[in-house]
Amino acid sequence: MINKIASSLSEAVAPITDGSSVMITGFGDSGLPRELIDALIEQGASDLTIISNNAGTERVGLARLLELGRVRKIVCSYPKSSGSVVFTELYRAGRIELELVPQGTLLERMRAAGAGLGPFFTPTGYGTTIADGKEQRVVDGKGYVLEQPLAADFALVKAYHADRWGNLTYRLAARGFGPVMCMAAKTTIAQVDDIVPLGSIAPEAVVTPGIFVSRVVRKDAQNGRS
Amino acid sequence: MINKIASSLSEAVAPITDGSSVMITGFGDSGLPRELIDALIEQGASDLTIISNNAGTERVGLARLLELGRVRKIVCSYPKSSGSVVFTELYRAGRIELELVPQGTLLERMRAAGAGLGPFFTPTGYGTTIADGKEQRVVDGKGYVLEQPLAADFALVKAYHADRWGNLTYRLAARGFGPVMCMAAKTTIAQVDDIVPLGSIAPEAVVTPGIFVSRVVRKDAQNGRS
Amino acid sequence: MAAAKKLSRDRVAQLTAQDIAAGSYINIGLGIPTLVPKYLDPKKEVVLHSENGILGLEGLQPGLPGDEDLINASKQHVQLILGASIVDQSLSFAMMRGGHLDATILGAFQVAMNGDIASWSTGAKDDIPGIGGAMDLVAGSRRVVVVMEHLARGGAPKLMKACSYPLTGLGVVTNIYTDMAIIDVDPARGFVVRGIAEGLSREELQAATDAPLLYADDVAVLTEH
Amino acid sequence: MAAAKKLSRDRVAQLTAQDIAAGSYINIGLGIPTLVPKYLDPKKEVVLHSENGILGLEGLQPGLPGDEDLINASKQHVQLILGASIVDQSLSFAMMRGGHLDATILGAFQVAMNGDIASWSTGAKDDIPGIGGAMDLVAGSRRVVVVMEHLARGGAPKLMKACSYPLTGLGVVTNIYTDMAIIDVDPARGFVVRGIAEGLSREELQAATDAPLLYADDVAVLTEH
């Protein structure tokens with residue numbers, strides 16, 4: 001019997017090791033898997049590479065992970081949201097590496113990895129500093145930059161409902177980066193509001209099929225509880 | 001007011017001109033926009049390039065369009081289904097051009113066009129005759145073929161429900177090629193079982209947003225009827 | 001130059017809104033563009049796009065509680081309108097890069113007469129860089145409409161012969177709305193003024209602009225009301 | 001070679017099914033592979049994938065009417081199981097090419113000792129070519145399992161030193177199940193037999209095979225029942 005349900009948040013993030021690359025969903029404060037991030041903070045893995053659209057705000061969640069010195073490098077499109085104080089401090093002090101990627105390119109690089117494609121040409125950033133050191137090519141009069149697939153060891157994903165096979169739905173615009181990150185990570189861990197019986201999610205309403213998901217956990221599943 | 005509803009099938013296909021490229025959804029006999037194909041047969045446009053997974057069966061629908069000599073070229077992955085008698089006759093007689101494309105590459109080429117990407121590297125077909133004349137590259141020990149985006153003038157799509165903005169749902173596996181073809185064609189024409197009031201399709205249940213759709217028509221909307 | 005000759009931010013937004021065709025799909029960026037939606041005639045059914053995967057949104061009605069899972073690119077709470085759809089973010093960016101949006105309306109640090117735009121970094125040493133969706137938006141939208149103040153805060157021109165800041169996109173800007181003028185970018189000829197703020201002379205406008213200005217046959221006089 | 005020494009198509013399918021791990025995601029191709037699902041223990045919850053966008057399907061129960069919008073890659077009517085999901089076809093192929101399927105089980109014209117597979121064209125002049133999803137399946141699946149008769153209809157070998165027909169994929173096949181043997185493909189060493197049909201000698205198996213055969217330490221004797 002397929003059973004991807006983890007009985008606690010700490011069990012769900014247990015396999016993350018030092019040096020791992022970790023994708024984290026979210027757009028600003030929307031779609032963040034807050035409970036999984038807190039479990040990762042508690043878990044202790046360090047020397048992480050974080051792939052996420054933003055770099056955290058205030059001194060909680062992702063920003064707290066940064067502040068604790070657990071993140072070696074961040075790959076993101078927009079680390080300067082108001083309130084991104086921790087990232088700003090670390091970056092100016094030269095204590096964190098930044099790979100800045102246009103948001104659509106970030107998504108497409110993850111999708112390429114998840115879909116088994118190799119490098120691809122995108123018009124985004126052609127002729128800009130983002131293209132420095134990359135192959136550029138003009139096709140039919142339009143300029144393109146060659147970008148590489150981006151995979152990760154883990155993805156922490158905020159979803160809405162899951163069943164024991166890992167089929168997922170998302171709530172409103174929290175869908176965001178979820179479907180693409182689920183494809184691009186070797187191990188995808190999704191936190192959900194509710195775990196429902198197999199068959200409760202209509203086949204046409206499944207947004208991310210369980211084949212892309214390794215573990216699901218209720219966002220309120222504390223240690224020792226299921 | 002946005003109103004993409006065509007009052008008849010013939011009105012829906014009216015803009016298709018001689019020499020057009022036309023994508024057609026369907027996998028075997030599933031997901032075929034039969035009524036739109038019949039309207040295209042009646043409409044008369046010729047010298048067409050058809051982009052579809054298969055090449056029609058028996059002597060109806062797409063096969064009938066071929067038999068009438070209206071198709072110059074077909075781009076597909078599998079033209080030899082049982083019952084593909086018309087294609088076989090024309091192909092052996094040298095009276096139709098065939099561009100054979102692996103199915104995943106066909107889908108990905110259309111998606112690239114719809115998503116504004118340039119050429120991309122795919123592992124599919126590396127080292128095979130499909131790669132003849134194409135750029136090949138080995139990245140991290142894995143071989144890839146460079147494939148080009150594939151756009152079209154029109155797409156004929158079988159969907160299930162639509163509203164006046166062109167938001168679409170699909171029924172079961174008839175979803176198939178629909179979402180990708182809607183993106184890749186300049187003008188997308190969708191036939192549906194039912195046209196529903198704006199707002200009837202829940203925002204999270206929309207599979208193809210109206211931005212990718214130009215016209216919708218009920219599959220039983222005959223000439224002069226709405 | 002007297003401040004009185006400049007149009008208000010709201011008036012610039014209103015002029016921008018008036019030029020948006022009915023039924024258009026539009027992305028709205030930060031800065032003055034955030035004021036554009038309130039001047040869109042609802043009868044035109046202009047559909048707003050937000051890069052995080054929302055098509056068909058409007059500002060949250062006063063008094064309603066915000067929903068964390070419904071925000072726009074400026075991170076403001078929004079609400080869905082009838083006909084709205086939610087997509088994953090890669091499909092949202094396919095809309096942008098794939099030429100499906102009729103226009104993107106955004107601010108900029110600088111625009112060059114060849115249509116180059118610089119909007120993401122001043123290139124300063126201690127600048128925290130951030131691109132977000134801007135490079136994708138300008139790479140694919142059918143029209144790239146810049147809405148901004150004509151001059152930078154210190155009085156430096158923003159409409160340039162060539163941008164000095166790092167570029168967001170090359171040769172992409174089609175139209176510019178500022179507090180002094182409405183200017184089209186002609187790929188062959190450069191900046192072509194088609195509207196000028198009331199009371200502002202052509203000499204004054206040129207003095208506030210780094211690149212040479214051409215004028216359309218019909219130049220509208222832009223009044224505050 | 002006596003036909004009695006060959007395993008039946010159903011037995012080959014059964015042997016294939018026994019080696020599929022519980023909870024696997026599997027794609028099933030045409031030919032003998034279509035017989036595999038009926039030998040899968042339902043308790044193993046093996047999830048079948050169909051390239052047209054179905055994950056979680058089974059054969060249509062006798063007496064039920066087929067639904068045109070629910071077919072498999074062999075164009076047979078199927079039905080969904082609990083936990084099934086429907087996706088658009090580009091996502092379905094992302095599953096295949098992206099390494100998300102645990103195995104693809106398909107037929108072939110020829111397999112070479114380096115793992116090359118030829119399954120889509122005999123290269124004959126009047127052959128109507130057709131690729132479908134085969135090239136994508138072999139390009140990405142974690143295991144590529146070929147299930148076929150050991151010899152071609154005319155008696156020619158199908159397990160080759162090198163394929164003579166146009167290739168579907170290079171160096172991809174991991175395991176082969178035939179009516180004579182179960183053979184693993186070792187990238188360094190070539191064909192390694194780990195099961196041989198009861199009553200068949202190693203000499204007879206080699207005579208039916210173009211490429212040299214190695215043997216695993218433990219070679220199972222494959223009985224019909």
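It should be emphasised that the depicted structure is a prediction, and the values quoted were computed from it without experimental measurement.
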K.L.:
Which atoms of A/K4 come close to chain D, meaning under 4.5 Å heavy atom to heavy atom: side chain ones, backbone ones, both, or neither?
P.N.:
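Side chain of A/K4 only, per the 4.5 Å heavy-atom cut-off to chain D.
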K.L.:
Can you name the nearest heavy-atom pair linking A/P203 to D/L80, along with the distance?
P.N.:
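Heavy atoms only, the tightest pair is CG-CD1, 3.8 Å.
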K.L.:
Out of A/A115, A/A112, A/G210, return the one with the most heavy atom pairs under 4.5 angstrom to chain D.
P.N.:
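The candidate making the most pairs under 4.5 Å is A/A115.
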K.L.:
Report the option among A/R111, A/R164, A/E204 that has the most heavy-atom pairs separated by less than 4.5 Å from atoms of chain D.
P.N.:
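So the answer, after comparing A/R111, A/R164, A/E204, is A/R164.
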K.L.:
How about A/D140: does its CG atom have over 12 heavy atoms from other parts shown lying under 6.0 Å from it?
P.N.:
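Check fails, neighbour count at 12 or below.
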K.L.:
Going by side chain to side chain contact (heavy atoms under 4.5 Å, CB included), D/S85 matches just one of A/V207, A/T208, A/N167. Which one?
P.N.:
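Testing D/S85 for a side chain to side chain contact (heavy atoms under 4.5 Å, CB included) against A/V207, A/T208, A/N167 leaves exactly one candidate, A/N167.
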K.L.:
Once you round to the nearest 0.5 Å, how far does NE2 of D/H100 lie from CD1 of A/I211?
P.N.:
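Nearest 0.5 Å value for the NE2-CD1 distance: 7.5 Å.
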K.L.:
Minimum heavy-atom separation for D/L55 and A/P209, please, with both atom names.
P.N.:
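So the minimum-distance heavy-atom pair works out to CD2-CB, 3.8 Å.
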K.L.:
Look up atom CH2 in A/W165 and atom CG in D/L82, then write down how far apart they are to the nearest 0.5 Å.
P.N.:
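Here the interatomic distance stands at 8.0 Å.
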K.L.:
Under a 4.5 Å heavy-atom cut-off, does chain A meet the side chain of D/I54, its backbone, both or neither?
P.N.:
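Neither part; nothing is under 4.5 Å.
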K.L.:
Keeping the roles fixed (side chain from D/E45, backbone from A/I2), state whether a donor-acceptor pair exists under 3.5 Å.
P.N.:
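Such a contact is found between D/E45 side chain and A/I2 backbone.
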K.L.:
Shortest non-hydrogen contact from D/A94 to A/M183?
P.N.:
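Closest approach of D/A94 to A/M183: CB-CE, 3.6 Å.
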